[in-house]
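Below is one structure, written out as structure tokens; the observations come after it.
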Amino acid sequence: MTTTDRAPETDRRTPWHTLSTAEVVSRLGAGSNGLTRAEASRRLAEHGPNTLPVAAGVPAWRRVLRLLRDPMIMVLAVAAVVSAVISREWETPVVILLVVVLNTVLNYVQETRAEESLAALRDMAVPHSRVVRDGAEVEVDSADLVPGDVVVVESGDRVPADGRVLEASRFQVAESALTGESVPVDKTAGAVAAADAPLGDRTGMVFMNTEVTRGRARVVVTGTGERTEMGAIAELLGGAGGEQTPLQRRIGVLARVLTVIALVVVTLVMGIGLVRGQSWEDMLLSAVSLAVATIPEGLTAVVAFTLAMGAARLAREGAIIKNLAAVETLGSTSHIATDKTGTLTLNEMTVTRIVAGGSAYTVTGTGYEATGTVLSSDPDAVPDLRRAAVAMTLCNDAIVTDGELVGDPTEGALLVAATKCGLDVEGLRAARPRVAQVPFDSDHRFMATVNRSPGGELALSAKGATGALLPRSTHVWNGTDAVELTDELHEAIRLATEELAERGLRTLLVAGRPFESAPGEDGSGETGVDESVLLDEVRGLTVFAVVGIVDPPRSEAAEAIRVARAAGISVHMITGDHLVTASSIARDLGIEGESVRGVDLDGIDDDELSERAPGMGVLARVSPEHKIRMVRALQSGGDVVAMTGDGVNDAPALSQADIGIAMGITGTDVSKGAADMVLTDDNFATIVSAVEQGRGIYDNIVKFVKFQLTTAWAFVLVFLASGLFGLAAVPFTALQVLLVNIVMDGPPAMALGVEPVEKNAMRRPPRPADEQILTPSRLVRILWLGVVMATGTLLVLAFAETLFPERAGVPLFATTLAYAAFVFFQVFNLMNVRSTDGSVFSRDMAHNAPIWVALAAVPLLLVAVVQVPFLQGIFDTTPLHADEWLLAVAVGSSILWLEELRKIGARWRARRQEGSGTMVVV
């Protein structure tokens with residue numbers, strides 16, 4: 001067959017797996033001699049290079065400009081300009097602009113994330129490929145591959161493009177990163193009838209960046225670059241995500257509300273002042289101070305600090321946070337959609353059941369560590385599995401050393417099981433060398449070997465599918481003798497195999513027989529014999545055992561899922577593995593809900609899926625499109641969704657989820673690039689700990705938001721009332737306000753950010769996704785505390801000279817004393833906000849050392865600003881005497897005593913309601 005001139009079909013939607021090899025070659029215009037160099041060059045120009053698309057990045061200047069358009073930043077910038085024009089002083093506008101720059105830099109650093117996931121996909125690309133061109137096998141740059149090229153791949157290679165298998169010899173490909181399949185998949189040149197077969201069932205196809213684990217094949221390229229399945233994932237990655245985290249949305253809403261309030265209050269104060277006959281200049285300066293007072297400039301910095309501290313705490317527990325804003329997202333997570341392989345399971349195949357001699361045995365221990373034993377359900381049955389263990393060892397190419405596997409995962413599981421049966425695997429292999437073999441092939445579905453014992457006797461061992469080896473068997477080992485395989489015993493073995501399969505186990509039958517002479521023309525027993533001769537000798541076997549193999553659940557995953565459920569979080573398993581296997585693992589782990597296949601989603605519209613998704617416990621045999629669709633369906637109800645995974649196929653869903661969680665050990669670079677958080681220990685239980693920390697972090701953010709907004713609200717009331725009653729045109733200067741908002745608010749707020757997680761954090765349901773930071777109860781408390789602060793400050797401002805007549809007429813005395821009282825209100829309010837109803841004087845309040853440092857630092861700074869001559873000139877203050885300081889402290893402490901009385905009443909009401917059986921929700 002020669003290359004044709006017709007244009008090849010390259011649509012990824014073409015069901016290449018359903019077509020015969022002849023039809024595929026015809027449609028692609030390929031031939032047995034491959035493409036000519038000229039034709040390959042023409043197709044390369046037409047289809048482009050075999051590389052994944054590179055997404056265009058957003059220029060840095062555009063990101064900065066977008067951040068500067070933030071309403072809160074714009075108000076501050078206008079305030080700086082007005083201050084510079086009116087006051088002609090440099091201090092205030094420079095400090096305001098420094099605050100603007102600091103906020104912009106913090107937001108830019110937090111927002112900027114490199115496109116690591118797409119870069120990792122591109123880095124996986126195979127640099128060179130062996131291609132048949134002009135009838136000769138040559139090596140070319142993989143980027144130059146085109147549809148219709150005939151590529152040669154063998155064990156150890158990575159597949160360079162999507163393709164249809166033309167010829168295969170014992171060919172296996174590991175596709176777990178793409179499909180979630182736990183074990184390598186046998187590939188043949190045969191077609192698959194079902195057009196909608198999942199990727200993992202398309203045994204005649206290979207896919208870009210998957211790994212060949214055994215054999216050799218010739219493959220005709222059907223898709224390159226963006227037209228491959230990896231290209232589809234890259235496209236999904238480009239379109240997924242981009243959503244703000246719940247915290248970002250809440251802070252954004254809060255900032256917009258505060259900006260509107262600032263503009264309204266500034267307008268109101270200016271109007272009152274002008275009506276009262278005050279000058280435009282005084283009113284503009286007052287407006288600048290009020291705008292600065294209303295907007296909590298330190299909010300962004302303190303949020304960033306709190307998230308960074310939370311990220312550091314999570315890192316110590318095995319969770320690396322890539323996107324700081326995602327730290328808090330965990331606290332409001334209501335669904336965790338998790339991959340199975342390597343996430344809930346060990347990704348280490350393990351023999352867990354053996355049926356032999358009419359008895360069933362349980363094999364304890366997991367993974368490739370040979371720790372465990374063989375237990376019988378029948379106390380009278382004595383495990384005699386030596387013959388089965390010998391066959392599992394000799395008919396096996398894997399090597400397991402100190403828990404590390406080299407070779408096929410299933411064969412590794414058999415070796416470990418043989419060790420648990422008491423066999424010296426290495427010693428047996430050395431004593432019984434292999435003299436001939438029938439390698440596994442998907443056509444006959446078994447492997448067989450002939451080994452020589454030290455005495456010269458030969459024995460044949462075989463393992464494979466029950467349906468393939470049982471018809472070749474004539475006897476069954478009953479523990480002491482080989483008895484004839486009757487119809488009754490034949491049916492018992494078949495039923496035992498089905499029972500294991502129904503439990504989600506992969507089954508293998510192990511058999512063997514004595515061998516009279518080694519196959520070969522001279523009967524010498526040397527290797528290198530004709531494989532087809534030995535294939536005919538695999539008959540008259542004695543069945544030793546049927547084994548059940550599974551990728552076992554992680555021991556800690558079940559407890560983590562239980563804790564998550566108690567915290568109101570639903571767990572969903574989304575995997576590329578088979579439905580029966582996935583459902584069995586889900587039952588063992590305690591995952592509840594409906595079990596469906598990915599193909600079943602294709603017949604469900606988005607509305608129906610949104611209704612059913614929360615009740616789906618297992619979604620099996622899925623494609624990347626199914627995963628991302630499931631995540632979107634869970635999000636459609638307003639829920640916050642976390643997605644865990646480790647494979648390339650998980651990356652789009654990780655990017656789409658509110659928080660993507662990748663496995664650090666088994667995870668691919670692609671999944672890590674797409675995720676917001678990486679688990680360094682691959683431990684699902686770490687997620688539960690991270691959720692607890694996330695809830696604590698959010699609680700701390702709420703605490704300091706309440707703290708800072710109380711200050712902002714008190715400032716507003718002070719400015720409004722001062723102007724309304726004619727106490728002072730500008731009660732506090734812009735620099736005094738900035739000192740409070742940045743310096744005197746900052747350290748205390750940061751100290752609140754490291755408060756310990758509350759004890760009941762994981763006994764509360766997740767917060768509603770649309771819950772705002774300022775709930776009605778919190779807002780009422782902020783308004784109440786702000787009124788207390790403003791009232792006390794205004795009283796000091798109004799009666800300062802009355803209380804201290806000797807200071808009458810001293811410039812700045814009244815405003816300085818009022819300012820001192822206002823700061824002490826803050827100090828005592830810091831203690832109030834640490835707990836909604838808990839007393840300041842309880843033992844739990846003593847555990848946060850930074851709080852006490854802040855409580856000492858703020859008064860010291862205030863004393864310096866008031867008493868140090870150099871600072872007096874900058875901040876417009878005058879020195880205070882000892883009795884005046886005592887008054888400021890006494891007035892400021894009133895907020896503490898009033899709150900303690902309120903908390904006593906709240907605790908009394910809670911106890912009464914608890915005694916009556918009524919649940920109290922705070």
Side-chain angles (χ1 to χ4, degrees), residues 182-183 345-432 447 449 451 459 461-464 466 476-480 493 496-497 499-501 503-512 542-557 581 584-585 588:
S182 302
V183 296
T345 64
L346 292 172
N347 200 19
E348 295 181 355
M349 301 302 290
T350 304
V351 174
T352 58
R353 297 281 288 179
I354 299 177
V355 178
S359 298
Y361 302 94
T362 299
V363 184
T364 64
T366 57
Y368 301 128
E369 295 286 349
T371 53
T373 187
V374 181
L375 305 174
S376 174
S377 58
D378 181 358
D380 296 328
V382 179
D384 183 10
L385 302 173
R386 178 172 176 79
R387 281 176 172 75
V390 168
M392 288 190 288
T393 301
L394 298 179
C395 188
N396 197 316
D397 292 324
I399 300 174
V400 177
T401 306
D402 297 329
E404 297 294 327
L405 168 70
V406 177
D408 181 81
T410 299
E411 292 191 333
L414 295 177
L415 280 188
V416 174
T419 302
K420 293 175 182 178
C421 289
L423 208 63
D424 177 4
V425 169
E426 293 183 6
L428 179 67
R429 283 179 162 178
R432 300 191 184 185
M447 174 183 178
T449 62
N451 297 76
S461 302
K463 73 174 190 302
T466 299
V476 177
W477 185 258
N478 66 3
T480 54
I493 293 172
T497 302
E499 181 185 353
L500 293 177
R503 295 187 179 192
L505 305 180
R506 185 183 184 193
T507 60
L508 283 177
L509 186 143
V510 181
T542 297
V543 176
F544 295 143
V546 177
V547 298
I549 307 172
V550 71
D551 180 11
R554 292 178 176 272
S555 58
E556 66 279 358
T581 302
S584 175
I585 295 292
D588 292 342

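Quick caveat, the model's predicted, so the values are computed rather than measured. Start at 1 with the first residue, then count along the sequence.
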*To the nearest 0.5 Å, what is the distance between OG1 (Thr345) and CG (Asp588)?*
11.5 Å
*Do you know which two heavy atoms are closest between Tyr361 and Val374, and how far apart they sit?*
CB-CG1, 3.7 Å
*Point-to-point distance, once rounded to the nearest 0.5 Å, from CG of Leu414 to CG of Leu394*: 12.0 Å
*asked:* Checking the side chain of Thr364 only, and the main-chain atoms of Gly372 only, is there a donor and an acceptor separated by less than 3.5 Å?
replied: no
*For the side-chain contact (heavy atoms from CB on, under 4.5 Å) test, which of Val416, Val351, Leu385, Thr393 pairs with Cys421?*
Leu385
*Backbone of Gly512 reached by a side-chain donor or acceptor of Ser461 within 3.5 Å*: no
*Pairwise salt bridge (Lys or Arg N to Asp or Glu O under 4.0 Å) hits with a residue in residues 352-367, at least two apart*: none
*asked:* Enumerate the salt bridge (Lys or Arg N to Asp or Glu O under 4.0 Å) contacts for residues 399-426, please, sequence neighbours excluded, ordered by first and then second residue.
replied: Glu411-Lys463
_As an exercise, state the distance from CZ of Arg429 to CG of Asn451, rounded to the nearest 0.5 Å._
9.5 Å
_Could you tell me if the side chain of Val546 sits less than 4.5 Å from the side chain of Ile493, heavy atoms only?_
yes
*Looking only at non-hydrogen atoms, find the nearest pair between Ala388 and Ala545 and report the distance.*
CB-CB, 3.8 Å
*Any idea which heavy atoms bring Val543 and Ala511 closest together, and the distance?*
CA-CB, 4.1 Å
*Evaluate the criterion side chain to side chain contact (heavy atoms under 4.5 Å, CB included) for residue pair Leu508 and Ile549; output intermediate values, then yes/no.*
CA-CA 8 Å; Leu508 283 177; Ile549 307 172; 4.0 Å; yes
*State whether the side chain of Tyr368 and the backbone N or O of Met349 hold a donor-acceptor pair below 3.5 Å, judged by distance alone.*
yes
*So, does Asn478 use its side chain to make a donor-acceptor pair with the main chain of Gly357 at under 3.5 Å?*
no
*Under the salt bridge (Lys or Arg N to Asp or Glu O under 4.0 Å) rule, what pairs show up with a residue in residues 389-401, not counting sequence neighbours?*
Asp397-Arg434
*Show your working on side chain to side chain contact (heavy atoms under 4.5 Å, CB included) between Val550 and Ile585 and close with a plain yes or no.*
CA-CA 9 Å; Val550 71; Ile585 295 292; 3.9 Å; yes
*asked:* Please evaluate residues Thr352 and Arg503 with respect to the criterion side chain to side chain contact (heavy atoms under 4.5 Å, CB included), reporting the C-alpha separation (whole Å), side-chain torsions for both, the decisive distance (0.1 Å), and the verdict.
replied: CA-CA 11 Å; Thr352 58; Arg503 295 187 179 192; over 6 Å; no
_What's the separation between atom CD in Glu499 and atom OG1 in Thr507, rounded to the nearest 0.5 Å?_
12.0 Å
*Check whether any side-chain heavy atom of Asn396 lies under 4.5 Å from a side-chain heavy atom of Val425, and answer yes or no.*
no
*What distance do Leu415 atom CG and Thr410 atom OG1 have between them, rounded to the nearest 0.5 Å?*
11.5 Å
